[in-house]
Amino acid sequence: MSTLLLGVSGSIAAYRACDIARELIHAGHTVRVVMTRSATRLVSPDTFAALTGNPVVVDVFDEPEPGQIAHIRLAQEADLVLIAPATAHTIARLALGLADDMLTTIALATRAPILIAPAMNPAMWSHPATQAHVQSLRARGVVFIEPTYGVMACGDEGWGKIADTPVIVQAVQQRLQQAQDLKGVHVLITAGPTYEPIDPVRFIGNRSSGKMGYAIAEAALAHGAEVTLITGPTSLTPPAGAKVVRVQTAQQMFDAVQAAFDACDVFIAAAAVADYRPERPLPHKRKRNSQHWTLRLVANPDILGTVAQRKGNRIVVGFAAETDKALQHAQEKLKRKGLDLIAVNNVLEPGSGFEMDTNRLTLIYADGRIEPLPLMSKRECANRVIQAAREILARRS
Ligand code: PMT
């Protein structure tokens with residue numbers, strides 16, 4: 001079973017965390033509790049210590065075990081962090097990445113999934129500031145267990161009551177399950193642009209930032225997959241846990257994919273690969289000595305199309321970056337390249353495509369199914385692509 005870190009912040013609903021801790025222990029998990037200073041005014045840390053059988057930490061300088069840095073150890077040992085109840089103030093601190101107490105420090109240091117069950121007055125929950133913090137945390141993969149409607153301790157009525165204990169426990173179990181559902185599956189991903197050299201200082205490239213491909217790598221890791229990320233030049237930090245292969249050109253990306261393909265179960269090509277490269281890159285910087293300059297380009301290998309020919313039992317997923325007749329072009333690519341799934345984005349559409357934090361994908365399956373997705377964060381898009389690949393994988397085995 002799993003080690004869960006239960007963060008309790010200073011809402012009247014703090015007493016509910018006792019019940020939540022008990023149910024999680026009942027489900028077979030080890031529970032460690034971290035409290036904010038204000039939560040300790042509502043429920044005694046001794047109560048949680050007695051319920052969980054583990055010491056409760058509050059202060060960042062609390063070091064129950066000499067020789068170990070508690071916030072790092074707790075952050076690393078947790079399989080999941082649940083913050084219940086979470087006040088507006090704690091949500092704001094988490095969204096801003098503040099680390100001004102034990103709970104927020106652990107939340108920043110952990111790589112475990114984070115679930116938040118908010119509890120606050122309805123006016124505070126619906127306040128644009130709180131909702132902006134919720135959005136920003138969601139975009140970073142934090143899962144919110146929505147508050148319910150009811151009468152608050154202050155007498156106000158509305159949305160803001162902490163979710164019921166069974167709902168919270170079920171959300172925890174689902175997230176833990178999700179973290180396992182691609183265990184043993186190797187996902188190979190390409191991301192970012194390729195740079196095709198013209199001379200030592202110039203290249204042909206494109207506007208891909210790598211955000212879409214990196215989000216897919218993060219999502220695959222969150223589902224427990226082993227991940228190899230083959231990336232063109234980007235300014236992004238690769239997700240922790242992925243094996244990263246850095247390349248510059250389409251030919252290098254082709255070689256890296258060929259080398260890794262046999263060992264993968266799922267291949268997802270999110271990179272924007274240059275279809276052509278200068279035939280003869282110049283060895284020295286070209287001087288400005290004429291009014292015209294004609295570059296002769298030659299075709300690069302089609303990475304996706306080539307490996308798909310020997311895909312065997314692997315799931316092969318392509319992307320299609322289109323500017324017109326998006327569905328028609330994507331369907332043609334799916335067939336021509338022999339893919340299981342293609343995710344098409346119209347890169348001219350506001351909020352979609354290159355560089356954006358959001359995207360609007362339509363998933364087209366080999367069996368003809370078409371699943372249009374709404375405009376959502378690239379992280380959410382990535383989750384949907386991973387879920388779709390997982391479903392195809394499950395149907396096949
Ligand atoms: O990186 P971001 O800024 O987040 O932007 C995301 C994105 C727009 C780059 C991404 O969503 C996307 O659409 N990626 C695919 C871009 C692309 O090259 O599309 P395409 O329609 O030209 O290619 C079709 C498929 O073949 C793609 O899976 C591509 O990776 C692959 N391909 C293309 C050419 C080539 N020589 N080899 C390939 O493998």
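Only a predicted model underlies this, so the values are computations on that prediction, with no experimental measurement involved. Remember, it's 1-based here, ligands and their atoms both numbered in the order they're listed.
Note: an N/O pair closer than 3.5 Å links Met212 and ligand 1 by distance alone.
Here the heavy atom of the protein found nearest to atom 17 (C) of ligand 1 is Ala271 O, 3.8 Å. The protein atom (non-hydrogen) at minimum distance from atom 25 (C) of ligand 1 is Phe319 O, 3.0 Å. Looking only at heavy atoms of the protein, atom 19 (O) of ligand 1 is closest to Ala321 N, 3.4 Å. With hydrogens left out, the protein atom closest to atom 1 (O) of ligand 1 is Ser208 OG, 2.6 Å, a heavy atom.
Counted by atom type alone, Asn300 and Asp275 present zero donor-acceptor pairs between their side chains at under 3.5 Å. No side-chain donor-acceptor contact under 3.5 Å links Glu23 and His29. Of the N and O atoms on the side chains of Thr90 and Arg93, at least one donor lies less than 3.5 Å from an acceptor on the other residue. Between the side chains of Thr231 and Tyr214, at least one donor-acceptor pair of N or O atoms lies under 3.5 Å.
For Pro301, every heavy-atom contact with ligand 1 shorter than 4.0 Å involves the backbone, none the side chain. Counting heavy atoms closer than 4.0 Å to ligand 1, residue Glu355 contributes backbone atoms (N, CA, C, O) but none from C-beta onward.
Ligand 1 is approached by Lys378 to a heavy-atom distance shorter than 4.0 Å. Judged by the shortest distance from any of its heavy atoms, Met253 lies outside the 4.0 Å radius around the atoms of ligand 1. Not a single heavy atom of Leu361 sits less than 4.0 Å from an atom of ligand 1.
For atom 14 (N) of ligand 1, the choice among Gly353, Ala270, Ser352, Ala320 with the nearest heavy atom turns out to be Ala270. Ranked by closest heavy atom to atom 34 (C) of ligand 1, the top entry among Asp275, Ile303, Leu304, Val307 is Asp275. Of the candidates Thr358, Asn300, Val257, Asn345, Asn345 brings a heavy atom nearest to atom 13 (O) of ligand 1. Across Lys211, Lys337, Lys333, heavy-atom proximity to atom 26 (O) of ligand 1 is greatest for Lys337. Selection from Ala272, Ser209, Pro193, Ala269 by nearest heavy atom to atom 2 (P) of ligand 1 gives Ser209.
Using a cut-off of 4.0 Å between Lys/Arg side-chain N and Asp/Glu carboxylate O, Asp101 and Arg37 are scored as not salt-bridged. Comment: Arg336 does not engage Glu332 in a salt bridge, judged by the lack of any side-chain N to carboxylate O separation of less than 4.0 angstrom. The pair Arg384-Glu371 meets the salt-bridge criterion, since a charged nitrogen lies less than 4.0 angstrom from a carboxylate oxygen. A salt bridge does not link Arg111 to Glu218: none of the charged side-chain nitrogens sits closer than 4.0 Å to a carboxylate oxygen. The pair Lys378-Glu355 does not count as a salt bridge, with every side-chain nitrogen at least 4.0 angstrom from each carboxylate oxygen. Between Arg310 and Asp262 a salt bridge is recorded (basic side-chain N to carboxylate O distance below 4.0 Å).
The cationic atom of Arg314 (NZ for Lys, CZ for Arg) lies less than 6.0 Å from the six-membered ring centre of Phe261 and within 45° of the ring axis.
Each of the atoms 28 (O) of ligand 1 lies under 4.0 Å from some heavy atom of Gly318. Near Gly210, meaning under 4.0 Å from one of its heavy atoms, ligand 1 places the atoms 1 (O), 2 (P), 3 (O). Atoms of ligand 1 found under 4.0 Å from any heavy atom of Asn359 (numbered from 1 in listed order, with element): 11 (O).
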